[in-house]
S.K.: 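Below is the structure I would like to discuss, written out as structure tokens.
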Amino acid sequence: MVLKATNQVIGGISLGVTDRERGEGAFSYLFSRTVWGQGYATEALRALVRFGFEQLALTRLADGCDVQNVASARVMEKCGFRCISEQDGERIYALTVEAWRESV
């Protein structure tokens with residue numbers, strides 16, 4: 001991810017298909033601390049979710065974060081993800097295409 005105005009690299013986001021038959025994918029993102037709290041992660045994740053569900057025809061997306069990473073959890077929650085489990089200091093969040101369609 002690059003800021004248009006300055007051409008500065010601020011982070012990245014990725015999506016991988018984890019189970020093609022079941023239509024499941026996983027994602028990850030990482031942003032420079034200098035841009036935390038400015039909405040870039042939320043904007044990027046919303047675009048990735050749309051791409052995964054509309055272009056790749058996935059039915060479920062998931063990711064995890066450390067239980068202490070409140071900011072990352074909040075990004076996922078703002079994008080419609082819900083915590084489905086917590087184990088060994090990690091929370092797993094998931095979003096189905098049906099839940100996403102209801103929210104858009």
Side-chain angles (χ1 to χ4, degrees):
M1 309 261 325
V2 176
L3 288 178
K4 286 182 183 180
T6 63
N7 210 30
Q8 174 191 3
V9 175
I10 60 167
I13 190 165
S14 65
L15 172 64
V17 177
T18 57
D19 188 326
R20 174 49 72 191
E21 287 183 19
R22 292 174 35 184
E24 295 183 354
F27 62 92
S28 65
Y29 50 83
L30 181 65
F31 285 84
S32 170
R33 194 175 292 249
T34 62
V35 298
W36 286 3
Q38 296 181 36
Y40 295 118
T42 302
E43 179 182 354
L45 183 55
R46 283 188 177 135
L48 182 135
V49 167
R50 179 177 295 280
F51 177 79
F53 289 148
E54 290 183 351
Q55 302 301 313
L56 299 180
L58 297 176
T59 59
R60 183 176 180 270
L61 295 172
D63 188 29
C65 69
D66 189 285
V67 295
Q68 295 180 0
N69 192 341
V70 177
S72 188
R74 185 68 190 123
V75 166
M76 288 186 273
E77 290 167 357
K78 285 193 276 187
C79 293
F81 288 80
R82 296 294 166 246
C83 182
I84 59 169
S85 71
E86 184 174 320
Q87 182 177 345
D88 299 326
E90 183 177 34
R91 287 192 182 120
I92 304 299
Y93 287 81
L95 177 63
T96 63
V97 68
E98 293 85 7
W100 175 73
R101 284 186 182 134
E102 290 175 9
S103 70
V104 262

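Not measured: the values here are computed from a predicted model.
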S.K.: Output all residues satisfying side-chain hydrogen bond (donor to acceptor under 3.5 Å, both in side chains) with Q8, sequence neighbours left out; order by chain, then residue number.
M.R.: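 Per chain and number, Q8 pairs via side-chain hydrogen bond (donor to acceptor under 3.5 Å, both in side chains) with no residue.
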S.K.: So which pairs with a foot in residues 92-104 pass salt bridge (Lys or Arg N to Asp or Glu O under 4.0 Å), sequence neighbours left out?
M.R.: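 Listed once each, the pairs would be none.
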S.K.: Look up atom CZ in R20 and atom OG1 in T18, then write down how far apart they are to the nearest 0.5 Å.
M.R.: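 Spacing of CZ (R20) from OG1 (T18) equals 10.0 Å.
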S.K.: Which residues pass the side-chain hydrogen bond (donor to acceptor under 3.5 Å, both in side chains) test with S32, not counting sequence neighbours?
M.R.: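 side-chain hydrogen bond (donor to acceptor under 3.5 Å, both in side chains) list for S32, sorted by chain: T34.
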S.K.: Side-chain heavy atoms under 4.5 angstrom apart, residues restricted to Ile, Leu, Val, Met, Phe, Trp, Tyr: same cluster for L56 and V49?
M.R.: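 Yes: a chain of side-chain contacts under 4.5 Å links L56 to V49.
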S.K.: Tell me whether V35 shares a hydrophobic cluster with V2, the cluster being built from Ile, Leu, Val, Met, Phe, Trp, Tyr side chains joined at under 4.5 Å.
M.R.: no
S.K.: Set out, in order, the CA-CA distance, both residues' side-chain angles and the distance that settles side-chain contact (heavy atoms from CB on, under 4.5 Å) for L58 and V97, then state yes or no.
M.R.: CA-CA 7 Å; L58 297 176; V97 68; over 6 Å; no
S.K.: If you measure from CG on L3 to CD on Q38, what distance do you get to the nearest 0.5 Å?
M.R.: 8.0 Å
S.K.: How far does CG of L95 sit from OG1 of T59, to the nearest 0.5 angstrom?
M.R.: 10.5 Å
S.K.: Once salt bridge (Lys or Arg N to Asp or Glu O under 4.0 Å) is applied, what residue pairs with a partner in residues 30-58 remain, sequence neighbours excluded?
M.R.: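 Qualifying pairs: R50-E54.
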S.K.: Quick check: is Y40 connected to V9 through a chain of hydrophobic side chains (ILVMFWY, heavy atoms under 4.5 Å apart)?
M.R.: no
S.K.: Is there a side-chain contact (heavy atoms from CB on, under 4.5 Å) between L45 and M76 once you walk through the steps?
M.R.: CA-CA 8 Å; L45 183 55; M76 288 186 273; 4.1 Å; yes
S.K.: Of all the heavy-atom pairs spanning C65 and Y93, show the shortest one and how long it is.
M.R.: SG-CE1, 4.0 Å
S.K.: Tell me, please, which residues at least two apart from S14 pass side-chain hydrogen bond (donor to acceptor under 3.5 Å, both in side chains).
M.R.: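 Partners of S14 under the side-chain hydrogen bond (donor to acceptor under 3.5 Å, both in side chains) test: S28.
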S.K.: If you measure from CG on L30 to CE on M1, what distance do you get to the nearest 0.5 Å?
M.R.: 12.0 Å
S.K.: Which other residues end up in the same hydrophobic cluster as V70, if Ile, Leu, Val, Met, Phe, Trp and Tyr are linked when side-chain heavy atoms come under 4.5 Å apart?
M.R.: none
S.K.: Quick one: sort the F31 and Y29 rings into parallel, tilted or perpendicular, breaks at 30° and 60°.
M.R.: tilted
S.K.: Taking the six-membered ring for Trp, is the centroid-to-centroid distance between F27 and F81 below 6.0 Å?
M.R.: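 Ring centres of F81 and F27 closer than 6.0 Å.
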S.K.: Drop me the distance from S72's OG to D63's CG, to the nearest 0.5 angstrom.
M.R.: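 It comes to 6.5 Å.
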S.K.: On a heavy-atom basis, which atom in R91 and which in V67 lie closest, and how many Å separate them?
M.R.: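 In terms of heavy atoms, the two residues are closest at NH1-O, 3.4 Å.
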S.K.: Please answer: with hydrophobic residues joined when any side-chain heavy atoms are less than 4.5 Å apart, are L48 and I10 in the same cluster?
M.R.: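 As far as the 4.5 Å side-chain criterion goes, I10 and L48 are connected within one cluster.
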